[in-house]
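I have placed the structure first, in the form of structure tokens, so that the comments after it can refer back to it.
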Amino acid sequence: MKIATYNVNGVNGRLPVLLRWLQETQPDIVCLQELKAPQEKFPEQAIIDAGYNAIWHGQKSWNGVAILAKGLEIKETRRGLPGDPEDLHSRYIEAEVGGITVGGLYLPNGNPAPGPKFDYKLAWFERLTKHAANLLASGKPVILTGDYNVMPTEKDVYKPERWVEDALFRPETRAAFKKLVDQGWTDALRKLNPDETIYTFWDYFRNAYGRNAGLRIDHFLLSPGLVGRLKAAGVDKNVRGWEKTSDHAPVWIALD
DNA sequence: ATGTCGGGCCCTGCCCGA
């Protein structure tokens, strides 16, 4: 079973790229982030025509998350993280699919830091970490995947010294990610490729993709029971080179 | 500091968020 995550950066603007990638790689389950579309503007029919069921949580202009599945029922278990009824951003959606609880997340960017946006990022991280503890305690197989907007270590940045003040790489952000993982999660891409340079994002500026000036910020965290089923993982880096593409590339894992 | 995207809107060049 192949499970993927993809920050599309505008699901309608990237629809041709998304459909081509689905057709070429045929993942079983897909988490999408940054739909940038209100609930009623999600391209549902095109996704159905591509062979996928979908649930999504849209929002005008920004954010937005979805879960797609091919030939599997998607049983929604939650939209939005608990802990702050004032938070109206569409950044978390969760479902039971194929016997696995899949949480698709779009963690706040947090720039500029310090400031209110960075505070919001750290608060959101805390809420995610609390919810993640409850998911682990359930003993069920769980995947938490999406755009974490965190480079966990220096290995995950093309030029770490340039990013130390950035919200994606500040010590507080890395500490928050470590605190989450240390609950007992496994970073699937790193587990299978302990020493390799792996990037999932290249910004649009200064020919970042051409220079491979990338970041690893899209992650798969697996609950302990799933680690033994992890057989492969990768980044569909070529998709970042397509016309009208997202600044992120799709990331995937294969489970037994 | 800069760079480049999608989306949205005082409908078209500019602002926001990333």
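Letters A, B, ... are given to chains in the order of the sequence lines, protein chains preceding strands, and every chain is numbered from 1.
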Inset, instruction - Quick one: label A:Lys244 by what it contacts on the DNA or RNA (base, sugar-phosphate, nothing), any heavy atom closer than 4.0 Å. - result: sugar-phosphate

Legend entry - A:Asp203 or A:Arg14, whichever maps to the more 5' nucleotide of DNA chain B: A:Asp203

Inset, instruction - Under 4.5 Å between side-chain heavy atoms, chaining through other members, with only Ile, Leu, Val, Met, Phe, Trp and Tyr counted: pull out the rest of the cluster around A:Leu88, sorted by chain and number. - result: none

Inset, instruction - Can you tell me the distance, in whole Å, between the NZ atom of A:Lys41 and the P atom of B:dG6? - result: 17 Å

Legend entry - Short N-O contact, A:Glu73 and A:Lys75, less than 4.0 angstrom: no

Legend entry - Summary of ring pair (Phe, Tyr, Trp, His ring centres under 6.0 Å) pairs that have at least one residue in residues 236-256 of chain A, sequence neighbours excluded: A:Phe201-A:His248

Inset, instruction - Using the C1' atom on both, measure B:dA18 against B:dT12 and round to a whole Å. - result: 23 Å

Legend entry - Integer-rounded Å distance: B:dG3 P and A:Leu215 CG: 19 Å

Legend entry - Between P of B:dG6 and CD of A:Gln33, the distance in whole Å: 18 Å

Legend entry - Rounded C1' spacing from B:dC15 to B:dC10 in Å: 13 Å

Legend entry - Selection: residues 151-166 of chain A, any non-hydrogen atom under 4.0 Å of DNA chain B: none

Inset, instruction - Assess whether one donor atom and one acceptor atom, taken from the side chain of A:Arg206 and the base of B:dT2, lie less than 3.5 Å apart. - result: yes

Legend entry - Nucleic acid footprint by protein, nucleotides 10-18 of chain B - heavy-atom cut-off 4.0 Å, B for base, S for sugar-phosphate alone: -------BS

Legend entry - B:dC16 to B:dT2 separation - P atoms, rounded to the nearest Å: 15 Å

Legend entry - Between B:dC14 and B:dG3 - P atom distance, rounded Å: 15 Å

Legend entry - Set of residues satisfying side-chain contact (heavy atoms from CB on, under 4.5 Å) with respect to A:Ala188, sequence neighbours excluded: A:Phe220, A:Leu222, A:Leu230, A:Ile253

Donor-acceptor pairs under 3.5 angstrom involving side-chain atoms of residues 99-110 of chain A: please list them, not counting sequence neighbours.
| unit_1 | atom_1 | unit_2 | atom_2 | d |
| --- | --- | --- | --- | --- |
| A:Asn109 | OD1 | A:Asn111 | N | 3.0 |
| A:Asn109 | OD1 | A:Asn111 | ND2 | 3.1 |

Inset, instruction - With sequence neighbours left out, write down each residue that passes side-chain contact (heavy atoms from CB on, under 4.5 Å) with A:Tyr209, or none if nothing qualifies. - result: A:Trp202, A:Lys237, A:Arg240

Legend entry - Donor + acceptor pair across side chains of A:Glu34, A:Asn7 (<3.5 Å): yes

Legend entry - Sequence neighbours excluded, every pair satisfying ring pair (Phe, Tyr, Trp, His ring centres under 6.0 Å) that has a member inside residues 31-50 of chain A: A:Phe42-A:Trp56

Legend entry - Non-neighbouring partners of A:Lys41 that pass side-chain contact (heavy atoms from CB on, under 4.5 Å), sequence neighbours left out: A:Asn12, A:Ala37, A:Pro38

Legend entry - Spacing of the P atoms in B:dG6 and B:dC11 (rounded, Å): 22 Å

Inset, instruction - Report the distance from atom CG of A:Asn12 to atom P of B:dC5, rounded to the nearest whole Å. - result: 19 Å

